[in-house]
Enquirer: 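Here it is, the structure in full.
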Amino acid sequence: MRSASFNSLALVGMLLLGACARPAGTLPPDYGSVNAAQQLDAAQFSQSDQAMTCGEISEERARIAETNRQAEAVIASDRTQNQVAGYFAALFLVPIVAVDSNEEQVALLNRNQARQDQLIRLSRLRGC
């Protein structure tokens, strides 16, 4: 009896931990390896990106990094609240209603990662 209870609690714990994980984004195309299937070309970038200087690329990357740090801080602070809610839910066997999924911050991080990848490619093309 005790083993079944422990197994159920362990399963709930694993599900809660899995729900907190951010899925990995898709990898950008390979432009930099020795046997790269594709080559970088200015036509792959918007006109406004093509007009950016190395300094502007660096500044935008720094702004994105700061935005990411803020979004990750929100997610981290909500993680503690979510863990406490999960503990009480497991303790009292009640549905979890206080969990914040941080969908906006996760979507922001995903968009920022795609933009960072684009800026890295642009920086490589420019030789920055």
Side-chain angles (χ1 to χ4, degrees):
M1 183 74 171
R2 183 173 185 219
S3 177
S5 163
F6 177 77
N7 288 342
S8 298
L9 200 54
L11 177 64
V12 168
M14 286 187 289
L15 289 173
L16 286 172
L17 286 175
C20 294
R22 177 178 163 222
T26 57
L27 292 174
D30 176 17
Y31 294 104
S33 69
V34 174
N35 298 319
Q38 300 178 9
Q39 297 297 317
L40 286 173
D41 182 14
Q44 297 168 342
F45 301 96
S46 69
Q47 292 292 337
S48 60
D49 283 354
Q50 289 179 30
M52 292 177 79
T53 65
C54 288
E56 291 169 336
I57 293 169
S58 180
E59 288 173 9
E60 183 171 349
R61 290 191 64 207
R63 279 193 304 270
I64 290 172
E66 179 57 32
T67 301
N68 286 350
R69 279 191 286 281
Q70 292 172 0
E72 288 166 354
V74 169
I75 291 170
S77 68
D78 288 345
R79 184 178 301 130
T80 302
Q81 176 185 341
N82 293 347
Q83 288 172 340
V84 171
Y87 296 146
F88 281 113
L91 182 63
F92 298 112
L93 300 174
V94 295
I96 300 174
V97 293
V99 173
D100 188 357
S101 65
N102 298 105
E103 292 174 13
E104 289 178 29
Q105 282 78 21
V106 171
L108 175 66
L109 288 172
N110 290 336
R111 284 190 310 272
N112 283 351
Q113 184 60 56
R115 181 63 178 156
Q116 282 281 29
D117 291 341
Q118 185 178 22
L119 290 170
I120 290 168
R121 288 192 310 272
L122 181 60
S123 178
R124 180 183 206 113
L125 178 69
R126 292 222 179 272
C128 298

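Just so it is clear, the values below take in all heavy atoms, side chains as well, and ignore hydrogens, waters and symmetry mates.
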Enquirer: Which pair of heavy atoms, one from L119 and one from I57, lies closest together, and at what distance?
Expert: O-CG2, 3.8 Å
Enquirer: Examine L125 and M52 and state if one hydrophobic cluster contains both, with Ile, Leu, Val, Met, Phe, Trp and Tyr joined whenever side-chain heavy atoms are less than 4.5 Å apart.
Expert: yes
Enquirer: First locate atom CG of D41, then atom CZ of R121, and finally report the distance between them rounded to the nearest 0.5 Å.
Expert: 12.0 Å
Enquirer: Sequence neighbours left out, what pairs pass salt bridge (Lys or Arg N to Asp or Glu O under 4.0 Å) with at least one residue falling in residues 49-60?
Expert: D49-R115, E60-R115
Enquirer: Atom CD1 in I64, atom CG in L109: separation rounded to 0.5 Å?
Expert: 11.5 Å
Enquirer: Whether the side chain of Q44 engages the backbone of Q118 through a donor-acceptor N/O pair (distance < 3.5 Å, no angle test) should be reported.
Expert: no
Enquirer: Can you check whether C54's main-chain N or O pairs, donor with acceptor, with S58's side chain at less than 3.5 Å?
Expert: no
Enquirer: Hey, what do you get for CG (N112) to CG (D117), rounding to the nearest 0.5 Å?
Expert: 11.0 Å
Enquirer: Does Q116 reach the main-chain N or O of R61 with its side chain, forming a donor-acceptor pair under 3.5 Å?
Expert: yes
Enquirer: Less than 4.0 Å between a side-chain N and a carboxylate O, is that true for E66 and R69?
Expert: yes
Enquirer: Determine the minimum heavy-atom distance between A71 and L108, stating which atoms define it.
Expert: CB-CD2, 4.2 Å
